[in-house]
Amino acid sequence: MNNDVLIPQIGIVTDIRTDTPDVKTFRVNAPKGGKCFEHMPGQCAMLSMPGVGEAMFSITSSPTNREFMEFSIKRCGGFTEWLHQIEVGQAVTIRGPYGHAFPVDTALKGRDLLFIAGGIGLAPLRSVIDYCLARRSDYGKIDIVYGSRSADDLVDIDEIRNVWMNAENVDVHLTIDRPQEGWEGHVGFVPAYVKELNFDTDKTALLCGPPIMIKFTLASLQEMGYDKTQVYTTMELRMKCGVGKCGRCNIGSKYVCKDGPVFRCDQLDELPNEY
Amino acid sequence: MSKMYKISKERLDELYAAVSAVKSLYLPVRSGENQSEFKKWSDQSDVCLDSLNTVKSAKELFFPQSENLISFKVSGKDIELVEDRDPSEPFVLFGVRACDAKSFSILDSVFLSDPVDTFYKSRRENGTVVTLACRAPEETCFCGTFGIDASDPAGGDVKTWLTDTELYWEAVSEKGEELTKLLTGILSEADADADTKAVDDLKKNTKEILARLPLADLKLDYFSGDRLNEKLNDVFYAPQWQELYKSCLGCGTCTFVCPTCQCYDIRDFDTGHGIKRFRCWDSCMYSDFTKMAHGNPRTSQLERFRQRFMHKLVYYPANNGGEYSCVGCGRCLAKCPVSMNIVKVIKAFGGEKA
Amino acid sequence: MQRINDDVLNKCRDLIENGTCDRVLAWEEGEFCYDVTPAVFTGDTLGKMIYDDFCAANQSKYLIDESHKEGRIAALLKPCDTYSFNQLLKENRIKRENVYVLGVPCDGKIDAEKARGLGIKGILGAEIDGDTVAFETIYGKKTCSKKDVLHEKCLSCKGKKHMIFDELTDPEKEPETAVPENGTSRFDGVSKLENMTAEERFRFWRGELSRCIRCNACRNVCPACSCRQCVFDNPASGVSSKANTNDFEENLYHIIRAFHVAGRCTDCGECTRVCPENIPLHLLNRKFIKDINELYGEYQAGYDTALDAPLTSYTKQDAEPGIVHERGVR
Amino acid sequence: MQVNDTNKEFRPLIVAFCCNWCSYAGADLAGSSRLSYPADVKIIRVPCSCRVNPMFILRAFQRGADGVIIAGCHPGDCHYTSGNYFARRRMTLLFSMLDYLGIERERTRVEWISAAEGAKFSATMNEFAETISRLGENRRLEDLRCKE
């Protein structure tokens, strides 16, 4: 049988959760149950519906979850539009895992971690956070800063409130862009909030969100005394093959699908500014 | 060195027929006015070994412009995978010039690196490459810039030289030896003295011509290997691009005739009773190359034009020990609708010997 | 070899110095004699500007973008380019006030590929003396008749008269009317095909169109193809613009493209000139032009911007589509 | 012209683009008047004959049509005053081009059928289906990927 890396396998959507007005989380299982493949936090998978589209998504669930994979997906184009209208039981095709993961078992081990996410940017970080929580003793203090446009746009707020906020030695800092009735938490943009929180610099930061948020948050972190080598982020470009051959996500001498999507921020400086 | 064989030029049809009897034979065949393409040989074929460049390069035999990957049957919520891979069979690729032969190793480092592209790999394994030394290079040739010897092509399984009267044949790999064995009745052993001299004369003559080609002095010092990574951003932001790209039409001619361009797209075609997933050549010159649902990181032709040349002259060498992703075949020089090409780019960055 | 007439160069210099224009659209020299590239020059770079018998590209499409920039650009337009320029004006694609059309004379442009076809290989330079071209090549000097190496579009030249200009560089040379170089022979190729059987025509076109590599050069160079987004670049249209998948897609692309420019195509011949596979694409466009002339009256796109275009007008007496069936069974 | 004698079982697929105001109503009338026309004629209702883009016709052939017919209001009777006059020019040129490419000219046709001409609708479709049956399967403008 055709076993090329470009040939996908079938996955079944076994649960769909509506997180926000434009984000849904899809649970995917192999047809016979269990996961389609193993992955590490930060890696991606290519999901597709034949004839509709194929696109790369970060795997939201932690590899410590032995039963299924999850993908939090924002509705923003042809294929995601389609995903948002399917029902449980729908088959999709899936291939992966692709790219480099966050260095959870090396550089991040034993460190205090600062997770900073904006909007749907929580999706790749959730995998790392849940991984770290599952192996709590391997990591130091965990701070999570998560912001979105409004309280309604915070993805999977139940897990944040019920699990993360109650976890040992974890502080969660939520913020929304504009004041909103019923919201008693912080209001303001993530970069400013990070500065306000004034974390000590002996942490490793993991940063994900829209490009503009990444840019300003990185600047905030640097002002606070963070070095770029302390900050990891994850990138997104158009991808097709997922294995560094089709040329689409080529940026500088790197291929985002193969050499990324996780980069340490000092590595990004070597790349031309095309993202 | 392996034994040299020969066959008289008049009897080449017999050679083609003998090869065809065992494997499919692809070679340059007249296609349209004054042009040639690699096509499957039949006794009707108008073979043209004197044409230097086919319009499309020989890469198409290993990496076809369009190929089926898999099909899907969709019913209700279910999807079924249906095997739909184009079969690959043993074949002989005859008449490959040194530049195209070199391009295979450049494609290899992309497609055969982990994870291996099995579609490409099976064709590579099935293909026996018979190269043909150049006798009459043209003004657009600059393979010498990349250390390629057009008079003695490397990278194939059999080397051949064509004089006015004879085709000389020398196997240079196991695959080449196997093919030679199949042709024992057709090829005759070359004479150690006279024939060796004929081949040497041809090589010498070609080398002389190569040395006085107008682009013989083209040098890539500016893009030299060891400093590439640190210079990457210098080249990227260089003011030269602001002018170079302006005439570019954003078509894919250069990409599609290029032997080393390897970017591809994966697409689905709805046949009405299923979905065919195929891959096809793509061009970074096309405006939709990097287009995503929520934006396009390369919105101008400047960025797209720059990407193509940065990839060939900087990014690829940075990842491949300084080897460039260009073989100097000159197809883009001859075919670009506005004559904007890699040589002009290299020269804009001072690529000439002082 | 001097590659631009002093009068043309001086005229451009004057236009910049007297403030009429701030830049000039012309050609820049390449490595050999024939590989010239369209380029924009300013006062400082005028010295690199050329215009000679190798400058074949139709420059008018560049003016869509150039005319929407600040300032005013002088454009060296050949007689045939002015048809396209007019057509683009008619379609409101060019800001007229930002272009100063400098009509340059044309004696027909030389196609290096045709020379190669004659066995003239390794071309380095060329001297043109009347009807003779003497090529300097790697393999010595070779001469041929100029008409044997002219671009297809020049062999069927519509005439040496500029349809629109602000100034001519050589007013003496400008004819009163546009007289086709070779009489009515422009449509000979079409007639020849029309006289074949359907089976022969089918085989002819399969032979030609099967070579198409879907590079889109014909579309991207075509002044009539000025849509912001082409239907063939729309993934939702279900056509694979760049994928050379099968016969049908080749036919579809070329039929739809020719149809879309029908009535607007000035027969500038750029599609045929740029085709890397030398597909005679002009035979598709000329078929439409010939049919339009025969069925709806003589019409030359780009001749007069005031005329109604044949596909956006009609008469009550127009021929029925059945006329295609009635025209003799071949 | 190719005559298909070998395959007696061949049933042509015909796509008919019918103008909403005249020809589609004509088809209705044919139906309600119990006038028969072949079941292999698939009707696609369009607001006006001039809505038919050349791409529609080629697409129909790609998807397996053996013949394509466009039916609109009689010249002068267009619901939108002049749509069918434009369609007439376009289709004439397109059909001529298809013929020029060697595609059998009988495979494409335009007919003007009013809402009152149920009989003409039926007769036209029967006759067109007959022609296409004689011509056989569309080979020259087919897409092999779409064949089952």
Side-chain angles (χ1 to χ4, degrees), chain B residues 31-35 37 52 55-56 60 64-68 136-141 209 212-215 218 243-244 246-257 265 267 269-270 276 278-283 285-288 291 331 333-341 343-344 347, chain C residues 27-28 30-32 34-40 45 54 57 61-62 65-66 112-114 116-119 121-124 137-139 207-208 210-211 213-221 229-230 233-235 238-246 249 270 273-280:
Chain B
S31 164
E33 247 176 273
N34 308 320
Q35 309 210 86
E37 294 281 24
L52 202 60
V55 181
K56 279 188 280 186
E60 207 194 5
Q65 181 158 11
S66 190
E67 71 179 304
N68 289 329
E138 293 205 35
E139 77 281 7
T140 49
C141 295
I209 302 167
R212 58 186 165 87
L213 289 180
L215 300 176
L218 190 70
E243 290 303 318
L244 285 168
K246 275 189 179 154
S247 56
C248 178
L249 299 172
C251 74
T253 306
C254 52
T255 315
F256 288 180
V257 300
D265 196 359
R267 293 211 164 202
F269 176 78
D270 187 344
K276 267 182 185 294
F278 64 99
R279 82 159 151 202
C280 57
W281 294 354
D282 203 350
S283 173
M285 291 290 200
Y286 286 157
S287 56
D288 61 348
K291 199 163 148 200
R331 284 185 178 88
L333 274 70
K335 291 298 184 187
C336 174
V338 296
S339 297
M340 178 41 73
N341 52 56
V343 167
K344 290 186 179 178
K347 289 201 170 181
Chain C
W27 283 266
E28 189 168 4
E31 299 304 314
F32 324 110
Y34 60 84
D35 60 336
V36 296
T37 297
V40 174
T45 55
F54 286 100
K61 195 176 187 183
Y62 288 110
D65 281 345
E66 288 296 332
E113 292 235 329
K114 282 212 175 158
R116 290 194 189 105
L118 294 176
K121 308 222 167 168
I123 299 167
L124 300 171
T137 79
I138 302 166
Y139 303 102
E208 296 295 340
S210 66
R211 299 205 304 278
I213 59 171
R214 307 308 301 272
C215 67
N216 292 305
C218 50
R219 176 192 74 183
N220 289 17
V221 80
Q229 188 175 22
C230 177
D233 281 346
N234 175 8
V239 285
S240 332
S241 63
K242 57 204 162 194
N244 187 7
T245 43
N246 66 9
E249 294 253 359
E270 284 288 87
R273 180 183 72 84
V274 302
C275 179
E277 287 280 1
N278 290 350
I279 301 171

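Throughout, protein chains are lettered first and strands after them, A, B, ... in sequence-line order, and every chain is numbered starting at 1.
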Shortest non-hydrogen contact from [X] toward [Y]:
{"X": "C/E249", "Y": "B/F269", "answer": "OE2-CE1, 4.2 Å"}
{"X": "C/P276", "Y": "B/K335", "answer": "O-NZ, 2.8 Å"}
{"X": "C/A217", "Y": "B/P337", "answer": "CB-CG, 4.0 Å"}

Output yes when a side-chain donor or acceptor of [X] lies under 3.5 Å from a complementary backbone atom of [Y], and no otherwise.
{"X": "C/Y139", "Y": "B/E138", "result": "no"}
{"X": "C/N220", "Y": "B/L249", "result": "yes"}
{"X": "C/E277", "Y": "B/G32", "result": "no"}
{"X": "C/T37", "Y": "B/V338", "result": "yes"}

Checking heavy atoms, do the side chain of [X], its backbone, both or neither come under 4.5 Å from chain C?
{"X": "B/T140", "result": "both"}
{"X": "B/E67", "result": "neither"}
{"X": "B/L52", "result": "neither"}
{"X": "B/S283", "result": "neither"}
{"X": "B/P64", "result": "neither"}

Top contributor to chain C interface from B/E33, B/E37, B/M340, B/K246 [non-hydrogen pairs under 4.5 Å]: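 With the most close heavy-atom pairs to chain C, the winner is B/E37.
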
Student check: side-chain heavy atoms of B/L333 and C/F32 closer than 4.5 Å: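 They are in contact (side-chain heavy atoms under 4.5 Å apart), so the answer is yes.
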
Sub-4.5 Å side-chain heavy-atom contact between B/I209 and C/I138: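 A side-chain contact under 4.5 Å exists here.
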
Taking atom [atom1] of [X] and atom [atom2] of [Y], what is their separation to the nearest 0.5 Å?
{"X": "B/M285", "Y": "C/C215", "atom1": "CE", "atom2": "SG", "result": "12.0 Å"}
{"X": "B/W281", "Y": "C/I213", "atom1": "CH2", "atom2": "CD1", "result": "7.0 Å"}
{"X": "B/C251", "Y": "C/R214", "atom1": "SG", "atom2": "CZ", "result": "13.5 Å"}

When C/V40, C/V274, C/I123 are compared by non-hydrogen pairs under 4.5 Å with chain B, the top option: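 Sorted descending by pairs with chain B, the first entry is C/I123.
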
Please classify the contact between [X] and chain B as side chain, backbone, both or neither, with a heavy-atom cut-off of under 4.5 Å.
{"X": "C/Q229", "answer": "side chain"}
{"X": "C/V221", "answer": "both"}
{"X": "C/L124", "answer": "side chain"}

Ion pair check, B/E139 and C/R116, cut-off under 4.0 Å: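 Salt bridge present between B/E139 and C/R116.
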
